[in-house]
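Residue numbers start from 1 in every chain, and the chains themselves are labelled A, B, ... in the order their sequence lines are given, proteins ahead of strands. Remember, it's a predicted structure, so these values are computed and weren't measured experimentally.
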There are 2 protein chains.
Amino acid sequence: MTGLREPSTGAIDSRLWVSGAVLALLLVGSIAKGTPMARATGTKRAILDATLELAATKGISGTTMDEVAERAGVAKGSLYYNFSSKDRLFEELLLEGVGALAEILRAARGDLRGRAAIEALVGALLDRIASNPALAKLMASEIFRTDRTWQKSLFALRHEALTVFAEAIAEAKPESRDHGTCGLMASSVFGAVLMAGLEWLVFEPERPRDEVAAAILDSLSGGLLGGDRPAPR
Amino acid sequence: MTGLREPSTGAIDSRLWVSGAVLALLLVGSIAKGTPMARATGTKRAILDATLELAATKGISGTTMDEVAERAGVAKGSLYYNFSSKDRLFEELLLEGVGALAEILRAARGDLRGRAAIEALVGALLDRIASNPALAKLMASEIFRTDRTWQKSLFALRHEALTVFAEAIAEAKPESRDHGTCGLMASSVFGAVLMAGLEWLVFEPERPRDEVAAAILDSLSGGLLGGDRPAPR
DNA sequence: TCAGGCTAACTGACTAGTCAGTACAAAAGC
DNA sequence: GCTTTTGTACTGACTAGTCAGTTAGCCTGA
């Protein structure tokens with residue numbers, strides 16, 4: 001029943017995935033074929049896309065390989081031809097996604113400094129969440145799991161993404177580097193954007209993007225903690 | 001083999017769950033027996049505790065009823081005697097947890113205003129996460145799922161908890177009420193505390209609690225976005 | 001013609017949920 | 001006082017169904 005599958009068209013189906021510019025950056029960059037970041041094509045991509053869509057609502061263990069095969073329009077055997085196990089399928093999916101995120105953040109920051117850097121990072125992360133909410137949901141639910149076979153590599157990439165924030169923070173607020181708290185503050189900012197971004201997409205999708213970005217930046221601008229600034233520690 | 005079970009001792013086993021003060025508040029308050037917030041005792045509590053511990057690392061679909069039964073030290077049948085299905089077991093667990101959170105936040109805010117209110121809320125949420133990381137992880141992974149039978153009631157309680165933040169924000173920053181963005185800002189602050197709190201517990205548990213609270217408040221104090229305040233919209 | 005890519009049917013381990021039965025305590029009958 | 005009944009809480013072997021992973025073979029293009 002090959003009729004179910006698109007006839008190997010859509011091989012480079014990059015919808016909603018990585019913006020053209022960053023895609024170019026990825027291909028031109030030093031990321032070789034075979035690394036987790038190399039963009040899969042054809043069947044492999046169809047499988048990854050289907051997996052992501054299903055996992056976003058049903059979670060990882062709630063998603064069955066049979067469903068993935070059906071959604072991707074391939075036979076179950078193809079899943080195991082392209083990925084050695086369910087675990088590895090999800091590992092590749094997450095590593096690809098989080099890896100791309102780190103790239104995007106680095107690109108967004110460029111050589112901006114201080115406030116501009118943070119604003120650019122928040123905006124880029126928000127856009128990424130908006131363009132790929134499925135991955136955002138998946139990240140939110142997997143990032144603190146400690147029983148996965150792939151946790152080590154996922155943690156590493158997660159750390160890479162957070163580091164982009166942490167560096168910008170350390171620069172904007174040098175005393176946080178002394179206290180070693182830039183990592184925590186990075187998490188804090190990351191969590192703010194992730195949670196507000198998902199709130200937006202899930203509960204108030206009609207709201208314009210800029211309003212959401214403004215609200216997040218507002219909540220990070222101390223307006224909430226108005227009056228006197230906290231005593232510098 | 002009745003020997004396996006404790007002889008109906010440990011009936012009111014409240015370890016790590018709700019602090020004594022808040023427990024008193026719950027019992028004295030208007031929350032009647034039979035509502036989701038009523039604290040289960042005996043077998044039911046043992047089952048809920050076991051479920052939470054397992055679900056924190058393995059997720060909901062990754063947790064089997066057989067495991068829960070074993071960990072709780074009861075027979076599988078007892079699970080179904082006390083809860084009509086796996087779904088309802090997890091529903092009760094989540095509703096109990098999120099409901100208690102809303103109570104705690106309301107109590108923490110008291111009639112504080114402005115900056116003090118926000119600081120109290122952030123601190124209370126952080127403490128709650130620290131005293132029950134399992135539930136925090138579970139919340140982080142379930143709060144945006146849209147395929148659960150219980151999503152409606154969970155969303156309602158979630159909204160209740162966020163509203164406590166939103167109200168404090170609306171008061172501290174009246175113009176956000178006009179824009180209808182206090183909900184988003186509440187999510188943002190909530191996400192910041194949740195993510196940073198879990199980062200702390202999972203990756204740097206040796207750090208003192210106050211340092212974490214300070215880092216979070218710092219990230220919400222505009223230090224990051226130093227220099228000029230953003231133009232009020 | 002043959003190898004790489006894929007398929008369809010199959011397998012066995014596991015899992016949610018069931019149900020006949022046990023334990024035991026508090027009425028109810030005598 | 002003692003048996004018998006009733007009700008509640010719990011048990012664990014069992015069933016029907018599901019799911020990850022396997023395998024033998026088909027198809028197509030080089």
(message) Check for me whether the distance between the ring centres of B:F90 and B:F83 falls short of 6.0 Å.
(response) no
Whole-Å distance, A:I47 CD1 to C:dG5 P, equals 13 Å
Note to self: Looking only at the side chains, is there a donor atom on one of B:S153 and B:E91 sitting less than 3.5 Å from an acceptor on the other?
What the structure shows: yes
Contacts of A:S61 meeting side chain to side chain donor-acceptor pair (under 3.5 Å) (sequence neighbours excluded), chain-then-number -> none
| Is the distance from OP1 or OP2 of D:dC10 to the nearest side-chain N or O of B:N82 less than 4.0 Å? | yes
Under a 4.0 Å heavy-atom criterion, the protein footprint on nucleotides 14-20 of chain C, written with B, S and -, is -SBBB--
Taking D:dC10, D:dG12, C:dA8 as options, the one with an atom nearest any side-chain atom of B:T43 is D:dC10
Side chain to side chain donor-acceptor pair (under 3.5 Å) filter on B:E67, not counting sequence neighbours, yields B:K58, B:T64
- Message: Closer than 3.5 angstrom, by distance alone: can the side chain of B:W200 be matched with the main-chain N or O of B:R207 as a donor-acceptor pair?
- Response: yes
- According to a strict under-4.0 Å criterion, is A:Y81 in side-chain N/O contact with OP1 or OP2 of C:dG5? yes
*Going by atom types only, do B:D87 and B:T149 share a side-chain donor-acceptor pair under 3.5 Å?*
yes
